[in-house]
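First comes the structure, then the notes that go with it.
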Amino acid sequence: MTVPLLAVSHLNAVVGRAGNAPVLRDVSLTIARGEVHGLVGESGAGKSTIAKAILGILPHGIRITGGSIALEGEDLLTFDAVTLRQKLGPAVSLIPQDPQTALNPGRRIEAQLTDGLRLWKGMSAKDAHARALQLLEEVQMREPARVMRSFPHELSGGMRQRVLIAAAFALEPKLVIADEPTTALDVTVQKQILRLIRSMQERHGTGVVFVTHDLGVVAQICDRATLLYMGKVMEQGNVSDLLNKPRHAYTKALMEACPRYDQPGRGLAPVPEEVFAACRAEIAAFDQAGAGHG
Amino acid sequence: MIASVLVKRAGMAIVTLFGVAVVVFLLLRVAPGDPIAMMIGAGASASDIADLRARYGLDQPLLVQFGIWLAGVLRGDFGVSISLRRDVLELLAERLPATLELAGLACTFAVVIGGAVAVLGTLLRRRKGEAVLDGVNGLLLAVPDFVWALAFVLLLGVLWPVLPLSGRMDPSVGVPFVTRFYLTESVLTGRFVIAGDIIAHMVMPVLALALPLAAVIARILKDGLSEAMVQDYVLLARVKGMSELRLVVGEALRNAVGPTLALTGVQFTFLIGGTVIVERIFAFPGIGSMAIDAVINRDLPLIQGLVLVFGALFILVNLAVDLAVVALNPRLRHG
Ligand SMILES: Nc1ncnc2c1ncn2[C@@H]1O[C@H](COP(=O)(O)OP(=O)(O)OP(=O)(O)O)[C@@H](O)[C@H]1O
Ligand SMILES: [Mg+2]
C-alpha cells in the first residue's frame, strides 16, 4: 500500500478556554496525489478549521486535542514551527476565499508572485520574473507584463484571484488548499475560476482540498468528497457515488436543497428539521460515547 | 497628485502664517509689559523713554505698527531686536541651524528606536516580552521631555559626569565653519573629532527630545502592525513559509507606516516646541533658548520673527509628512 499524499486521521479539535466545545470530531480523510477532494458542509461545519489545521495556521482559540495530519507519511503535528514552515512552505499552498484582502496592497504583483520562488527555489530576480510571467500566462491573464507592474487595487476581483491561483501553483506544490475560492466573485467569473483551478491541477498533477458549501461545485470539479456536519464526517466517498447513491439522510437532504443544472424544475427544498434533529442526535451519541471512554 | 497637494499647501501656508503674524502681533501689544522699561534703568527720564519708543516705532497706532512690520517682513526685513540690538533675521539665521540639527537628530533617533520597539513588540506578541515592552513603553509615554532633560543632567552631568552639560561644542575649538550647521558640516568635511565633540554635547538634549516621541511612535506603529498582522495577505505570506520577521517587516510594515507617519507629524511639531525648554536646560544655542530670552525681555521684533519661524517649521514638517504619506501609499500615488 502506498502512502497517501495527505492523511488526516482521527483529528479532534476544541474551542474555548475550557476546551469543552468540540469543533472537529474524529475527522479522518485521505487525499491521493492528483486528487481533488471536496470538503462540504454548511457554515460552521468545520471546513476551514480542517484546512487551517493542515496549513498549521489555526487561530489561537482552537486547539487540536488528538489525531494526526500526515503529509506523505510525516505527521505535521509533531514538527516545531520552523520545521513546519520549511516543510509546508514549498509543498502546500492556499487559494484564499477573498481576493480583495489576500494580496498585499502595498506590494506590486511581481513581488508577490516571485517572493516564494526566490525563497524556496533560490531563483535569481531575472529567472523568477520570467517564471512569474509564464505563470500569469498559464492562468490566462491578459497583458501579463502590465499586471506584473500593477498594485492589487489596479486589478479586478477575477484578475486578483487569477494572480492568487498563479501564486498557489508557482512552487509546484504537492497540495493546494482552496477555501471557498469563488464565493467572493461574480457568478460569471466563478465558473471560469473553477475551470481554471481544475485545469491547473490536472496539468501539474496537484492534490487539491476544495472547501465549499455547494454540492453543485463538488459535482463539477471534485473526484471525492467529505461531508461534514458540526465537525463530524457524515459521509465520504467518490463524488459520483455520493451524488447518485447518497447513504446518509443529510446528504440526500442537502441534494434536495441544491439547484440542479440537469434538472431545472427541481431543487431548493430546505433541509427538513427532522434531518437536522437526526444529525444532532448522532453527534450527541458520539460525544456521549467519547465521554464514556474518557 | 503630489503637485496639487503642494500648490494647495503653499496657499494654505501663506494664509496660516499671516494669521499667526496677526494674532501674535496683537497679543504682544495687548499683553502687559513694556520692552523699553525692560531695557533701561530705573532713573531714565520721561523724554528718554519717549525717544526710545519713537525709535522702535512703538509710539504709532497699532495698525500702523503692524503695517510697517509686515511691509518690512515682505522685504526680508524683520526689524531689529530690542534687547540684543541686532538684526532679527541675522539672529535667526545664526540660531536656527543649531535647532534644526537638534530636532532632526532627535526625530531620526525617535523613528529608529520607536520603529525597532514596535517591530520587536510585534514579533513578541502573545509572549511575556510583549507585556514587558508595552509596560515600559507606557511609562515612557508618561514622561515629558523636560523631565528627561533634568534626569540626564543629574545622572550624566552631575553624578557620573561623562557628558558635557551645556553648549553646542567645546568653546576652545577654534576651527572656522562655513555654515552654521556645525554637525553636518564637520561630518561632511571629515572633521570627525569635532563631530564627536558636537555629538557628545547633543546626546542628552537629543535623548530628552527623542524618548517621548519614540514612545508615541512605538505605540502607534505597534497598533498599526498588529492590525496588519491579522490581514489575509499576511496569512497567505505565512502559508508561503515566510519567516516571522519577514512577515512583520516585509508585509505588515509598509502598510502600517502610513497612518503612523501622519500621527508622528503632529507629534514632531510638539518636539519642535519641546526644544524651547530643553535648549534652555542645556544652554544649547538654538532658537528655542533664544525664544525664552526674547519673551522675558519683551523683545517684540524678535518674538515676532521667532513665531514666524516656528510657524513655518510646523507647516513644512506637516507638508513633508503629507507628501510622504502619499508617496508611501500606492493607492494615493496613482490617483
Ligand atoms: N477564531 C476562532 N475562535 C473561536 N472559534 C472559532 C474560530 N474560528 C472558527 N471558530 C468556530 O469553529 C467552528 C468551525 O468553524 P469553521 O470556520 O471551520 O467553519 P466553516 O465550515 O469553514 O464555515 P464557513 O462556511 O462559515 O466558512 C465554528 O463553530 C466557529 O464558531
Ligand atoms: Mg470557512
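Letters A, B, ... are given to chains in the order of the sequence lines, protein chains preceding strands, and every chain is numbered from 1. Being a predicted model, the structure only gives us computed values, none of them experimental.
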Heavy-atom check, side chain of A:Val92 versus side chain of B:Val239, under 4.5 Å: no
If we define contacts as heavy-atom pairs under 4.5 Å, which of A:Thr101, A:Asp98, A:Leu171 has the most with chain B? A:Thr101
Considering all heavy atoms of both residues, which atom of A:Gly106 and which atom of B:Pro330 are nearest to each other, and what is their separation? CA-CG, 3.9 Å
Would you find more than 12 non-hydrogen atoms of other residues, nucleotides or ligands less than 6.0 Å from A:Arg142 atom CZ? no
What option among B:Arg238, B:Arg246, B:Glu251, B:Gln231 has the most heavy-atom pairs under 4.5 Å with chain A? B:Glu251
Okay, A:Leu55 and chain B: the region with an atom under 4.5 Å from a heavy atom over there is side chain
Please determine whether the number of non-hydrogen atoms from other residues, nucleotides or ligands lying under 6.0 Å from atom CZ of B:Phe109 exceeds 12. no
Please check if the number of heavy atoms outside A:Arg107 that lie under 6.0 Å from its CZ is greater than 12. yes
Using non-hydrogen atoms only, which part of A:Ile177 is less than 4.5 Å away from chain B: side chain, backbone, both, or neither? neither
For B:Glu227, does the CD atom sit with more than 12 other heavy atoms under 6.0 Å from it, leaving out its own atoms? no
When rounded to the nearest 0.5 angstrom, what is the spacing between CG in A:Asn104 and CG in B:Leu236? 10.5 Å
Please state whether the side chain, the backbone, both or neither of B:Leu235 comes within less than 4.5 Å of a heavy atom of chain A. side chain
Relative to chain B, which of A:Ser93, A:Pro105, A:Pro96 shows the most heavy atom pairs under 4.5 Å? A:Pro105
Working to the nearest 0.5 Å, report the span between NZ of B:Lys240 and CZ of A:Arg85. 14.0 Å
